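It should be emphasised that the depicted structure is a prediction, and the values quoted were computed from it without experimental measurement.
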Amino acid sequence: DGLLLMIGFATGEKGGILLLIALTLETLSLGLATGPSLSEKGQRPGQILVILTGFAVALFLGAGFGLLLPTEQGFGFAAFLGFGIAAMLYLVVEELMVEAHERPDSPLTTAMFFIGFLLPLLLVQWM
């Protein structure tokens, strides 16, 4: 996620800020979902804190790696950008789409799926 964040900032300030907001919300939801799950499996609060801190450190390490991105609009930049796009698409298709089809589709879930993609694009226009 940190690498994808830096790719967003390398392509433009608006895209980077949008990814920063989205990844902050994602990390918050990840922590809120992981903490209780680890607690149910018998992890102590100290261990849970260490694990959740590890998530944050991994995000910063990825962002640090993203600082190594080439800033020139050449092949290296295009390769990193392509990797970032492919990683995002993989995450959406592999994780979210599989879970979305555990129940039958409804007009509401279909509308929410498309709104979830449209809303960030609208946010970029308003920034």
Side-chain angles (χ1 to χ4, degrees):
D1 285 351
L3 177 61
L4 296 176
L5 179 62
M6 293 311 293
I7 289 171
F9 275 110
T11 59
E13 184 179 342
K14 284 184 180 182
I17 291 172
L18 177 66
L19 274 175
L20 177 64
I21 293 167
L23 289 174
T24 300
L25 292 174
E26 175 201 6
T27 305
L28 174 66
S29 66
L30 177 67
L32 291 174
T34 304
S37 177
L38 290 172
S39 180
E40 288 175 2
K41 294 186 184 214
Q43 298 290 328
R44 291 176 286 155
Q47 292 172 319
I48 294 172
L49 184 61
V50 168
I51 292 169
L52 295 180
T53 303
F55 288 156
V57 169
L59 185 69
F60 281 110
L61 289 176
F65 182 71
L67 291 173
L68 302 175
L69 283 174
T71 56
E72 299 173 8
Q73 302 289 329
F75 174 77
F77 181 77
F80 273 111
L81 188 58
F83 169 77
I85 292 169
M88 288 288 227
L89 288 173
Y90 173 79
L91 290 173
V92 169
V93 172
E94 184 65 22
E95 298 294 327
L96 298 178
M97 294 301 289
V98 171
E99 290 180 18
H101 288 298
E102 289 179 357
R103 293 186 232 149
D105 288 336
S106 72
L108 177 63
T109 57
T110 302
M112 294 305 290
F113 177 79
F114 286 107
I115 289 170
F117 280 103
L118 180 62
L119 188 60
L121 296 174
L122 293 175
L123 286 173
V124 168
Q125 292 301 317
W126 291 333
M127 293 171 67

Please report the interatomic distance CD1(Ile51) to CG(Leu38), rounded to the nearest 0.5 Å.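 Spacing of CD1 (Ile51) from CG (Leu38) equals 4.5 Å.
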Between Pro36 and Gly31, which heavy-atom pair has the shortest distance, and what is it?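 Heavy-atom minimum between the residues: CD-O, 4.4 Å.
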Contact summary for Gln43 and Gln47, nearest pair of heavy atoms: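 Shortest heavy-atom contact: OE1-OE1, 2.9 Å.
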Do Thr53 side-chain atoms and Leu49 backbone N/O form a donor-acceptor pair below 3.5 Å?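 Yes, the answer is positive, given that a donor and an acceptor are paired below the 3.5 Å cut-off.
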